[in-house]
K.L.:
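One structure, as structure tokens, below. Some questions next.
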Amino acid sequence: MIQNVKKILAPIDFSVHSMEAMRGAMELAKDVGAEVHLMHVIAPHHHFIPLPLATSAEQSRELVREAAMIEQAEEELARIKKDDFGDSNKVFTCAVVGPPVQKLCDYAKEQAIDLIVMSTHGRTGGDFALIGSVTEKVVRNSPCSVLVFRPRNQ
């Protein structure tokens, strides 16, 4: 099964855990000759403040904030691609705004991703129940297999 992996998606939130999972995806990609897709998803604030209740000024500020965050994420992804992957033509980067689980699963489907390699922060109990786990939801909804990296020292 692992020999058939041609495209690997590594979601990155720039945390230590997601970077560790990205390195694991990179090692696996080298072993099987796969492409690596690095993706950062910015959750919009309007998930917390419904847009119909927001003023046009608030909406404008949110769009400016999202554009700045996209630009910053794209710059960081380009740096990672250059520094960690030597600007390989087998590495692709993407930064988007939207609900993380939906965006990751949609991208995996659109790009015919074979494997998603992502981290879990190892939360349990109250934290998990309140905010849920993006990783857990991706595992449930992904159109492909998901390899989950657990943090070390847990």
K.L.:
Let me confirm one number: the CG-NZ distance from L115 to K6, rounded to the nearest 0.5 Å.
P.N.:
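The NZ atom of K6 is 12.5 Å from CG of L115, to the nearest 0.5 Å.
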K.L.:
Would you be so kind as to tabulate the donor-acceptor pairs closer than 3.5 Å made by side chains of residues 79-89, with sequence neighbours excluded?
P.N.:
unit_1 : atom_1 : unit_2 : atom_2 : d
R79    : NE     : E76    : OE1    : 3.4
R79    : NE     : E76    : OE2    : 3.2
R79    : NH1    : D83    : OD2    : 3.0
R79    : NH2    : E76    : OE2    : 2.6
K81    : NZ     : V91    : O      : 3.1
S88    : OG     : K90    : N      : 3.0

K.L.:
Per the salt bridge (Lys or Arg N to Asp or Glu O under 4.0 Å) rule, what does the pair list look like for residues 22-31, sequence neighbours excluded?
P.N.:
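Pairs touching residues 22-31 that pass the test: none.
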K.L.:
Not counting sequence neighbours, which residues clear side-chain contact (heavy atoms from CB on, under 4.5 Å) with V16? List them please.
P.N.:
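side-chain contact (heavy atoms from CB on, under 4.5 Å) list for V16, sorted by chain: empty.
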K.L.:
If you look at every heavy atom in K137 and V101, which pair is closest and at what distance?
P.N.:
CB-CG2, 3.6 Å
K.L.:
Taking T135 for its side chain and S119 for its backbone only, find out whether a donor-acceptor pair lies under 3.5 Å.
P.N.:
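Indeed, once roles are kept as given, a pair shorter than 3.5 Å links the two residues.
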K.L.:
If you take all heavy atoms of D13 and S18, which pair is closest and at what distance?
P.N.:
OD1-OG, 2.9 Å
K.L.:
Mind listing the side-chain donor-acceptor pairs of residues 37-44 below 3.5 Å, one per line with the distance, residues two or more places apart or on another chain?
P.N.:
unit_1 : atom_1 : unit_2 : atom_2 : d
H37    : ND1    : Y107   : OH     : 2.7
H37    : NE2    : E35    : OE1    : 2.9
H40    : ND1    : I12    : O      : 2.7

K.L.:
Any side-chain heavy atom of P11 within less than 4.5 Å of one from I116?
P.N.:
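Of all side-chain heavy-atom pairs linking I116 with P11, at least one is under 4.5 Å.
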K.L.:
Please report the C-alpha distance between Q102 and N141 in whole Å, then the side-chain angles of each, then the deciding distance to 0.1 Å, and finally whether the side chain to side chain contact (heavy atoms under 4.5 Å, CB included) criterion is met.
P.N.:
CA-CA 8 Å; Q102 179 185 344; N141 296 295; over 6 Å; no
K.L.:
Indicate the atoms forming the closest heavy-atom contact of D114 with V5, along with that distance.
P.N.:
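Minimum heavy-atom contact is OD2-C, 3.8 Å.
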K.L.:
Does any part of the side chain of V64, heavy atoms only, come nearer than 4.5 Å to the side chain of R61, both counted from C-beta?
P.N.:
no
K.L.:
When you group the ILVMFWY residues by side-chain heavy-atom contacts below 4.5 Å and let the links chain together, are V36 and L28 in the same group?
P.N.:
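Different hydrophobic clusters.
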K.L.:
Same cluster or not: L147 versus M22, using hydrophobic residues (I, L, V, M, F, W, Y) connected whenever any side-chain heavy atoms lie under 4.5 Å apart?
P.N.:
no
K.L.:
Let me confirm one number: the CG-NZ distance from L104 to K109, rounded to the nearest 0.5 Å.
P.N.:
15.0 Å
K.L.:
Taking only residues two or more places apart in sequence or in another chain, which ones pass side-chain contact (heavy atoms from CB on, under 4.5 Å) with Q72?
P.N.:
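Applying side-chain contact (heavy atoms from CB on, under 4.5 Å) to Q72 gives none.
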K.L.:
Evaluate F14 against L77 for side chain to side chain contact (heavy atoms under 4.5 Å, CB included), listing each step before the verdict.
P.N.:
CA-CA 9 Å; F14 304 112; L77 288 169; 4.1 Å; yes
K.L.:
Please report the interatomic distance CE(M19) to CE(M26), rounded to the nearest 0.5 Å.
P.N.:
9.0 Å
K.L.:
What residues, two or more places apart in sequence or in another chain, satisfy side-chain contact (heavy atoms from CB on, under 4.5 Å) together with E74?
P.N.:
I70, A95
K.L.:
With sequence neighbours excluded, tell me which residues meet side-chain contact (heavy atoms from CB on, under 4.5 Å) with A25.
P.N.:
I8, A10, V117
K.L.:
May I ask whether V96 and M118 are part of the same hydrophobic cluster, defined by side-chain heavy atoms of I, L, V, M, F, W, Y residues being less than 4.5 angstrom apart, directly or through others?
P.N.:
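Yes; tracing contacts between hydrophobic side chains, which count when under 4.5 Å, links both residues.
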K.L.:
Passes side chain to side chain contact (heavy atoms under 4.5 Å, CB included), I113 versus C144? Steps please.
P.N.:
CA-CA 7 Å; I113 298 294; C144 62; 4.1 Å; yes
